[in-house]
Amino acid sequence: MTKEQLINLIALAIGRAQEAGEIGQVESLPPLVIDVPKNRAHGDYASNIALILAKPLKMPPRSLAEIVVKHIQALDAASSEPSIDAIEIAGPGFINFKLQGGWLPQVIEDIVAKGEQYGRSNAGEGRKVLVEYVSANPNGPITVAHGRGGAIGDAVASLQAHAGYDVTREFYVNDALNSTQMNNFARSVFYRYQQLFDEQLAKDDPYGDADWLYGGDYIRDIAIEFRERYGAEYEGVDLHNDEAIAKLREHVMNGTIDQQKEDLAAFGIVFDSWVFESQLYESGKVREAISELVERGETYEHEGALWFRSTKYGDDKDRVLRRSNGSYTYIAGDIAYHREKFHRGFDLLVDVWGADHGGYVARTKAALSAFGTDAGRLKVLLFQLVRILKDGEMVRSSKRRGNILELKADLIDEIGKDAARFFFLMRSSDVPLDIDLDLAKEQSAKNPVFYVQYAHARTCSVFEKASQLGIAVPAAADLSLLTQQTEADLVKKLRDLPDEIAYAARQYEPHHITHYLRELAALFHTFYDAGNNDTALRVLCEDAAVRDARLVLVSAVRTVLRNALGVLGLSAPEKM
RNA sequence: GCCCCGUUAGCUCAGCGGAUAGAGCAUCCGCCUUCUAAGCGGAGGGCCGCAAGUUCGAUUCUUGCACGGGGCACCA
């Protein structure tokens, strides 16, 4: 009996009880949900329906439960295939079900049949969702903080895809023309570039303390790359000539973006789409968006600037869209960008931002509301800051100055792509993340990703061993022979994957999957280890029928581990 | 001052309105003639920040308070 069948049975029993006049009618029956109790002594499934109906029906929960149970038993007994083994009323009025063994083979057969598809659902019904993440400014490398956003965004996108949405992954490049920061960035690169040709300039370092100078060694790295690409072609650029700098800025920026793409690829992230803020300006989308706000009467002029009356939609204060000097503000581009996303036909937008951008949620949603779009169709995921511990000290990462911790050099090269992704996804986005680089470098059992991947490698080693012994992996087996408690526990966990993925997708919380993986790995290790103490409990035991059943079980475990790792973009090594 | 996030075991954190609140690390005690010990079993350790409210039932929802972090530009 499946979960759905049990729910139907309960609904039917309530209907019978109502027909018999034993319980009253309710306006609307709440959706029936049944849980898998944490405590296995409480059975396979538990329903709290009697507790929920107690109030509207004005009956004590326990007696209500007794009536419902009576009808459930009658219905089950009358069915062609009675499948409830035991049913009991517990505590304040829970109805606990123990089903006959049939569910266990069903779960395994389902996994074997679905293979890579196991865990997917069609809840999204193909609706189009755009997930935008990382979106680092083109003035430096991808940092560890971007890495957290990248891991979360990529996992959320993957979860949505598994939940049946049509997902697009997008990176938004803030290369706006009115950017003072970008000019300073280019100026800094050219200064370091000139120093490569002029020893005296390098020694004197006249602008070493200039306000506009970007600190950090990565600027020098970019200058070196620039020299490799263009040689001495731009050696004579006047650092104080804003126009000349602005003209050459693009060269610098393209190099930076290429580098970002490389770093992201090393992290396993590839975007479907890159949108440039400059193109929104050039194509007139920004002007268009602002004009629409003006036409809709959502703006006003004040002291020469154009303001968006965002307070009308719950923002703290109104926002300037166009400065008194005629240039657009950052949010003008951002508003146009979000408007444009919906124009491209997406049903749902997900933005992944650092918590330091939390203040932008209200104004962005306000803009959508002003366009007459339901702001609920934009989901903004804020993740708390990443803190880095190195040599026992907290390192503060800063984009403008030095101390930048680069995702590639400082994390991926140290602990590997999989470990980095796993650590980023181990915690809820709402919690600050500490990464102790020294500890993470250890690559020991303390590292949970190894624990999980090792479980997968172990499943593979069983098949390896079987093959050496000339034992073929059976296509089917008598799964009713899986009678050990460790086996039942394992299969119950395997059964949870579709629910876990659906839940994590619905909540936009990938960390549930890392927890699931650890739990599943632990149950597999326990199951496996039982064979170390008792050879009869090994997968490759004497009894061929039991052995075949266990091989099918291990195959299902391998599939589920692989699928769950895959959702998070983690590899499933066959050997470790 | 206002907005967002947090407060659960020594530490870092899970916990989807339910039953005896969990995991990892750390500490202590056990298990290698092994299908991979990169593993497993066991023990100790909790006013779930405080106070109200809603509920049959609150660690979970609401409000207030306290403490900690982040954010409050005609910067991006």
Side-chain angles (χ1 to χ4, degrees), chain A residues 33 35 37-39 41-42 46 48 50-52 54-55 60-61 90-94 96 137 139 174 176 178-182 277 302-307 315-317 319-325 327-331 333-334 354-362 382-385 387 399-400 426-434 436 439 443-448 450-451 453-455 457-458 460-466 468-469 499-500 503-504 506-507 509 511-512 514-515 518-519 521-522 524-533 535 537-541 547 550 554 575-576:
Chain A
V33 283
D35 290 327
K38 283 181 236 163
N39 186 339
H42 293 139
N48 62 354
L51 294 163
I52 289 171
K55 177 112 187 195
F94 291 101
N96 294 336
N137 288 343
N139 59 358
N174 291 125
N178 58 3
S179 160
T180 316
Q181 259 194 49
M182 282 308 301
E277 186 182 11
H302 177 66
E303 293 179 351
L306 180 70
W307 294 70
D315 195 6
D316 289 343
K317 53 185 80 167
R319 307 291 169 180
V320 171
L321 295 170
R322 196 176 57 227
R323 302 184 186 91
S324 45
N325 71 9
S327 64
Y328 288 107
T329 59
Y330 167 77
I331 73 156
D334 218 39
D356 53 341
H357 286 62
Y360 293 84
V361 178
L382 296 177
F383 61 90
Q384 297 295 312
L385 299 183
R387 295 186 299 209
K399 184 99 207 180
R400 301 294 299 276
M426 259 172 61
R427 303 213 180 118
S428 153
S429 330
D430 291 336
V431 174
L433 180 69
D434 288 337
D436 183 336
L439 181 72
Q443 299 209 9
S444 69
K446 291 173 190 170
N447 191 336
F450 290 122
Y451 181 78
Q453 290 183 322
Y454 181 51
R458 261 186 160 175
C460 296
S461 84
V462 170
F463 294 113
E464 174 82 20
K465 187 76 183 178
Q468 283 169 15
L469 296 173
D499 283 347
E500 289 283 350
Y503 179 72
R506 197 164 58 244
Q507 302 292 120
E509 290 176 342
H511 73 275
H512 294 295
T514 57
H515 287 278
R518 293 173 76 171
E519 288 162 6
F524 177 72
H525 286 310
T526 299
F527 159 78
Y528 181 94
D529 200 67
N532 285 341
N533 300 319
T535 51
L537 295 178
R538 290 190 189 180
V539 177
L540 304 175
C541 59
R547 186 191 67 205
R550 287 188 185 145
V554 172
K575 241 188 170 66
M576 292 181 73

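Order of the sequence lines fixes the chain letters, A, B, ..., with proteins taken first and strands second; residue numbering starts at 1 for each chain. The structure displayed is predicted, hence computed values, not measured ones.
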A.B. asks: Return the value, rounded to whole Å, for the distance between atom CZ of Phe524(A) and atom P of A38(B).
C.D. replies: 15 Å
A.B. asks: Grab the N/O contacts between the protein and nucleotides 14-20 of chain B below 3.5 Å, and write none if there aren't any.
C.D. replies:
{"residue": "A14(B)", "atom": "OP1", "partner": "Ser428(A)", "partner atom": "N", "Å": "2.9"}
{"residue": "G15(B)", "atom": "OP1", "partner": "His511(A)", "partner atom": "NE2", "Å": "3.1"}
{"residue": "C16(B)", "atom": "O4'", "partner": "Tyr503(A)", "partner atom": "OH", "Å": "2.5"}
{"residue": "G18(B)", "atom": "N7", "partner": "Asn48(A)", "partner atom": "ND2", "Å": "3.1"}
{"residue": "A19(B)", "atom": "N6", "partner": "Asn96(A)", "partner atom": "OD1", "Å": "3.2"}
{"residue": "A19(B)", "atom": "N1", "partner": "Asn96(A)", "partner atom": "OD1", "Å": "3.2"}
{"residue": "A19(B)", "atom": "N1", "partner": "Asn96(A)", "partner atom": "ND2", "Å": "3.3"}

A.B. asks: Expressed as a whole number of angstroms, how long is the span from Asn533(A):CG to C31(B):P?
C.D. replies: 11 Å
A.B. asks: Check every atom of A38(B), C4(B), C35(B) against the side chain of Val539(A) and return the nucleotide holding the closest atom.
C.D. replies: C35(B)
A.B. asks: Arg458(A): what forms a salt bridge (Lys or Arg N to Asp or Glu O under 4.0 Å) with it, not counting sequence neighbours?
C.D. replies: none
A.B. asks: Side chains of Arg387(A) and Pro432(A), heavy atoms from C-beta outward: is any pair under 4.5 Å?
C.D. replies: yes
A.B. asks: Can you see if the side chain of Arg538(A) gets near the phosphate of C35(B) - specifically, an N or O under 4.0 Å from OP1 or OP2?
C.D. replies: yes
A.B. asks: Ala455(A) and Ala521(A): which non-hydrogen atoms are nearest, and at how many Å?
C.D. replies: CB-CB, 3.8 Å
A.B. asks: What's the closest nucleotide to the side chain of Asp316(A) if the choices are C75(B), C2(B), C35(B)?
C.D. replies: C2(B)
A.B. asks: Between C74(B) and Thr329(A), counting only base atoms on the nucleotide and side-chain atoms on the residue, is there a donor-acceptor pair under 3.5 Å?
C.D. replies: no
A.B. asks: Tell me, please, which residues at least two apart from Glu519(A) pass salt bridge (Lys or Arg N to Asp or Glu O under 4.0 Å).
C.D. replies: Lys493(A)
A.B. asks: Under the side chain to side chain contact (heavy atoms under 4.5 Å, CB included) rule, collect the residues that match up with Ala530(A), sequence neighbours excluded.
C.D. replies: Leu537(A)
A.B. asks: Check RNA chain B for consecutive Watson-Crick or G-U pairs with both distances under 3.5 Å and list the runs of at least three as stems.
C.D. replies: B:1-7 with B:66-72, B:10-13 with B:22-25, B:27-31 with B:39-43, B:49-53 with B:61-65
A.B. asks: Side chain of Ala305(A): nearest nucleotide among C74(B), G69(B), A37(B)?
C.D. replies: C74(B)
A.B. asks: So, using salt bridge (Lys or Arg N to Asp or Glu O under 4.0 Å) as the criterion, who are the partners of Arg427(A) when residues are at least two apart?
C.D. replies: none
A.B. asks: Mark this stacking check for Tyr528(A) against C35(B) as yes or no, applying ring centres under 5.5 Å and ring planes under 30°.
C.D. replies: yes
A.B. asks: Counting heavy atoms from C-beta on, name the nucleotide in C74(B), C5(B), C40(B) closest to the side chain of Tyr451(A).
C.D. replies: C40(B)
A.B. asks: Just say parallel, tilted or perpendicular for the rings of Tyr528(A) and Phe524(A), cut-offs at 30° and 60°.
C.D. replies: tilted
